[in-house]
S.K.: 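Shown below is the structure under consideration.
What you are looking at is a predicted structure, and each value in this text was computed from that prediction instead of being measured.
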Amino acid sequence: MSESQVSGLGVERTWYAHQAPKATLHPVLQDCQTTDVCIVGGGLAGLFLARSLADRGIPSILIEARRIGAGASGRNGGFCSPGWAAGNAAIEKKLGQASARILFELSQEGCLMVLDALQGADADLARGKLQVSTFDAADALQRTRDRLAHSYGYDLEYLDSEAVRSLLDSRRYHQGLRDPRAFHCDPLQLCRAVAATLDPSSTLLFEETPALGFSRSAGGWQVRTPLGSVQARRLVLCCGGYGGREVGRLRRMFLPITTYIAVTPPLPQLRRVIRTTDAVSDDRRAGNYYRIVAGDRLLWGGDITA
Ligand SMILES: Cc1cc2nc3c(=O)[nH]c(=O)nc-3n(C[C@H](O)[C@H](O)[C@H](O)COP(=O)(O)OP(=O)(O)OC[C@H]3O[C@@H](n4cnc5c(N)ncnc54)[C@H](O)[C@@H]3O)c2cc1C
């Protein structure tokens with residue numbers, strides 16, 4: 001990974017980092033270490049993997065090129081709700097109803113893991129996610145609610161236009177589905193909270209330590225870093241979309257996309273037009289999503305360009 005790629009990740013330039021207390025830097029790897037599992041990447045995938053391994057008594061070393069949460073995990077919308085990008089109907093079509101249900105339950109388990117990691121963390125945790133329709137979708141939304149309850153045992157609340165507009169001051173919105181169990185939080189603080197739970201007697205964490213390359217060795221894998229190396233029985237790449245040449249053929253499978261998120265200055269009128277603390281999203285493809293942060297700022301995201 002080149003220096004320019006690494007510095008492009010600058011988590012310290014995000015609003016989340018700007019308003020959070022400064023985090024102490026974990027050490028830079030400066031020698032040769034041996035472990036069971038080497039995890040490359042300190043986003044949510046790498047951090048939760050390290051946590052799960054520790055729960056099973058498996059030692060690991062996690063190396064992060066920049067700081068914990070420097071990638072998408074520390075700068076995203078902070079929405080957390082069960083389900084997958086593909087949607088239940090598409091998954092059912094491909095795998096059948098029984099497997100789709102198992103996958104949905106797995107995603108619920110993931111939400112509970114996140115919630116558990118947030119206990120005691122200063123991460124602005126708030127419940128509720130409201131998905132609103134930009135066209136009249138009363139029947140379709142009620143069918144979705146019924147199907148989810150019947151086939152997946154998961155309850156959503158249906159809101160008619162009047163109820164939606166009592167919460168959001170926009171004539172563009174029609175009906176909505178509310179998930180009272182979904183939640184939202186400060187994602188950078190979530191990453192830091194997970195890192196803080198990792199016990200150094202079984203899990204070592206190194207920051208500002210990019211993996212430069214990997215090679216097979218007798219006992220598994222050797223991972224090279226600028227000032228040291230890790231010898232591990234297993235290697236797990238959790239580089240998100242940020243892995244460079246070092247991830248080899250995997251890189252060819254990436255579809256680079258850019259998606260956008262912004263936080264406004266304080267807006268004194270905000271709570272008069274958004275009368276809910278729920279996270280809100282609309283039904284457009286790569287649609288708008290937003291939530292109130294820090295009392296009177298709007299965090300808004302949307303759009304994807306390739
Ligand atoms: C703007 C935006 C908004 C989003 N909103 C939401 C949302 O509201 N809810 C939701 O569930 N999802 C959301 N997502 C998606 C979510 O953030 C990602 O799916 C998730 O964070 C991916 O986690 P990850 O650990 O796989 O990758 P990342 O968080 O990207 O972590 C990868 C890490 O690997 C490190 N790395 C890369 N190469 C190396 C190397 N060679 N050596 C060492 N370290 C390396 C990087 O520095 C980085 O820290 C959003 C994404 C974006 C971009």
Side-chain angles (χ1 to χ4, degrees), residues 16 44 72-73 75-89 91 103-119 121 123-135 137-138 140-149 151-170 172-190 259-263 270-271 273-295 297-304:
Y16 291 125
L44 289 172
S73 300
R75 58 178 71 214
N76 64 40
F79 289 32
C80 192
S81 58
W84 303 90
N88 289 333
I91 296 174
L103 280 172
F104 187 78
E105 285 168 0
L106 200 62
S107 73
Q108 281 182 275
E109 208 181 301
C111 292
L112 291 178
M113 282 170 69
V114 174
L115 210 47
D116 183 51
L118 285 167
Q119 296 314 311
D124 294 332
L125 172 66
R127 290 280 186 170
K129 176 175 176 283
L130 175 60
Q131 161 126 23
V132 290
S133 172
T134 51
F135 55 93
L141 290 184
Q142 288 176 86
R143 274 200 305 276
T144 301
R145 175 202 57 189
D146 294 344
R147 205 168 45 237
L148 209 62
S151 304
Y152 294 86
Y154 195 80
D155 293 325
L156 295 179
E157 298 165 4
Y158 170 75
L159 275 68
D160 62 19
S161 301
E162 201 183 328
V164 167
R165 289 172 187 171
S166 74
L167 298 175
L168 301 168
D169 201 351
S170 170
R172 298 190 68 171
Y173 295 150
H174 293 260
Q175 303 80 13
L177 286 177
R178 179 169 189 272
D179 182 347
R181 279 184 276 178
F183 54 90
H184 52 96
C185 66
D186 178 324
L188 181 59
Q189 292 297 64
L190 166 63
T259 172
Y260 306 88
I261 193 163
V263 177
L270 194 58
R271 283 182 178 277
V273 289
I274 300 176
R275 296 178 284 267
T276 175
T277 54
D278 284 2
V280 181
S281 61
D282 71 25
D283 57 1
R284 293 171 57 217
R285 194 166 176 78
N288 299 292
Y289 58 91
Y290 53 87
R291 62 191 179 97
I292 296 178
V293 292
R297 293 171 184 262
L298 184 67
L299 178 147
W300 173 81
D303 222 344
I304 289 181

S.K.: So, for I91 and A86, which heavy atoms are closest and what is the spacing to 0.1 Å?
M.R.: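 The pair with the smallest heavy-atom distance is CG1-CB, 4.0 Å.
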
S.K.: Could you tell me the separation between the CD1 atom of I292 and the OG1 atom of T277, rounded to the nearest 0.5 Å?
M.R.: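 Going from CD1 on I292 over to OG1 on T277, the span is 8.0 Å.
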
S.K.: Starting at CG of L270, measure out to CZ of R297 and round the result to the nearest 0.5 Å.
M.R.: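 If I round to the nearest 0.5 Å, the distance is 11.0 Å.
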
S.K.: Taking side chain as C-beta onward, heavy atoms only, is I274 less than 4.5 Å from T276?
M.R.: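 Yes, their side chains come closer than 4.5 Å.
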
S.K.: Which heavy-atom pair separates R127 from L115 by the least distance, and what is that distance?
M.R.: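 Heavy atoms of R127 and L115 come nearest at NH2-CD2, 3.2 Å.
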
S.K.: Would you give the length of the straight line joining atom CZ of R291 to atom SG of C185, rounded to the nearest 0.5 angstrom?
M.R.: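 The SG atom of C185 is 7.0 Å from CZ of R291, to the nearest 0.5 Å.
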
S.K.: Using side-chain heavy atoms (C-beta onward) and a distance below 4.5 Å, is Q189 in contact with D124?
M.R.: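 Answer no - side chains too far apart.
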
S.K.: Could you grab the distance from atom CD of Q131 to atom CG of D179, nearest 0.5 Å is fine?
M.R.: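 Reported to 0.5 Å precision, the distance equals 10.5 Å.
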
S.K.: Using side-chain heavy atoms (C-beta onward) and a distance below 4.5 Å, is V280 in contact with L167?
M.R.: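 The answer is no; the side chains never approach within 4.5 Å.
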
S.K.: Taking D303's backbone N and O only, do any of them form a donor-acceptor pair with R284's side chain (distance below 3.5 Å, no angle check)?
M.R.: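 Flag not set: sc R284 to bb D303 has no pair under 3.5 Å.
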
S.K.: Quick one, Y158 and L177 - any side-chain contact, counting heavy atoms below 4.5 Å?
M.R.: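 Yes, side chains in contact.
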
S.K.: Taking C-beta and beyond as the side chain, do V293 and Y16 meet within less than 4.5 Å on heavy atoms?
M.R.: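 Heavy-atom side-chain distance check fails, nothing below 4.5 Å.
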
S.K.: Which atom names give the shortest non-hydrogen contact between I261 and L299, and what distance separates them?
M.R.: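 Result for this residue pair: CD1-CD2, 3.8 Å.
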
S.K.: Say you draw a straight line from CZ of R165 to CG of D160; how long is it, rounded to the nearest 0.5 Å?
M.R.: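 It is 10.0 Å, given to the nearest 0.5 Å.
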
S.K.: Could you tell me whether the side chain of P187 reaches within less than 4.5 Å of the side chain of L44, counting heavy atoms only?
M.R.: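 They are not in contact (no side-chain heavy atoms under 4.5 Å apart), so the answer is no.
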
S.K.: Treating S107 as the side-chain partner and G83 as the backbone partner, does any N or O pair qualify as donor plus acceptor under 3.5 Å?
M.R.: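 Yes, the answer is positive, given that a donor and an acceptor are paired below the 3.5 Å cut-off.
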
S.K.: When rounded to the nearest 0.5 angstrom, what is the spacing between CG in D116 and CD in E109?
M.R.: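 Answer rounded to 0.5 Å: 11.5 Å.
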
S.K.: Do side-chain atoms of N288 reach the backbone of D282 as a donor and acceptor pair under 3.5 angstrom?
M.R.: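 No, the answer is negative, given that no donor and acceptor are paired below the 3.5 Å cut-off.
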
S.K.: Closest heavy-atom contact between V164 and V132?
M.R.: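 Taking every non-hydrogen atom into account, CG1-CG1, 3.8 Å.
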
S.K.: List the atom of Y289, the atom of Y260, and the distance in Å for their closest heavy-atom pair.
M.R.: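 Scanning both residues, the minimum pair turns out to be OH-O, 4.0 Å.
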
S.K.: Within a 6.0 Å radius of atom CD on Q119, are there more than 12 heavy atoms belonging to other residues, nucleotides or ligands?
M.R.: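 Correct, the count exceeds 12.
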
S.K.: Taking S133 for its side chain and G176 for its backbone only, find out whether a donor-acceptor pair lies under 3.5 Å.
M.R.: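 Such a contact is absent between S133 side chain and G176 backbone.
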
S.K.: Minimum heavy-atom separation for Y154 to A182, with atom names?
M.R.: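 The pair with the smallest heavy-atom distance is OH-N, 4.4 Å.
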
S.K.: Would you say R275 has more than 12 foreign heavy atoms packed within less than 6.0 Å of its CZ?
M.R.: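 Result for CZ/R275: enclosed.
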
S.K.: Have a look at D278 and tell me which of R178, H184, K129 forms a side-chain hydrogen bond (donor to acceptor under 3.5 Å, both in side chains) with it.
M.R.: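 Only one of R178, H184, K129 forms a side-chain hydrogen bond (donor to acceptor under 3.5 Å, both in side chains) with D278, namely R178.
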
S.K.: Does a side-chain heavy-atom distance below 4.5 Å link Q175 with Q142?
M.R.: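 Side chain of Q175 against side chain of Q142, heavy atoms only: no contact under 4.5 Å found.
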
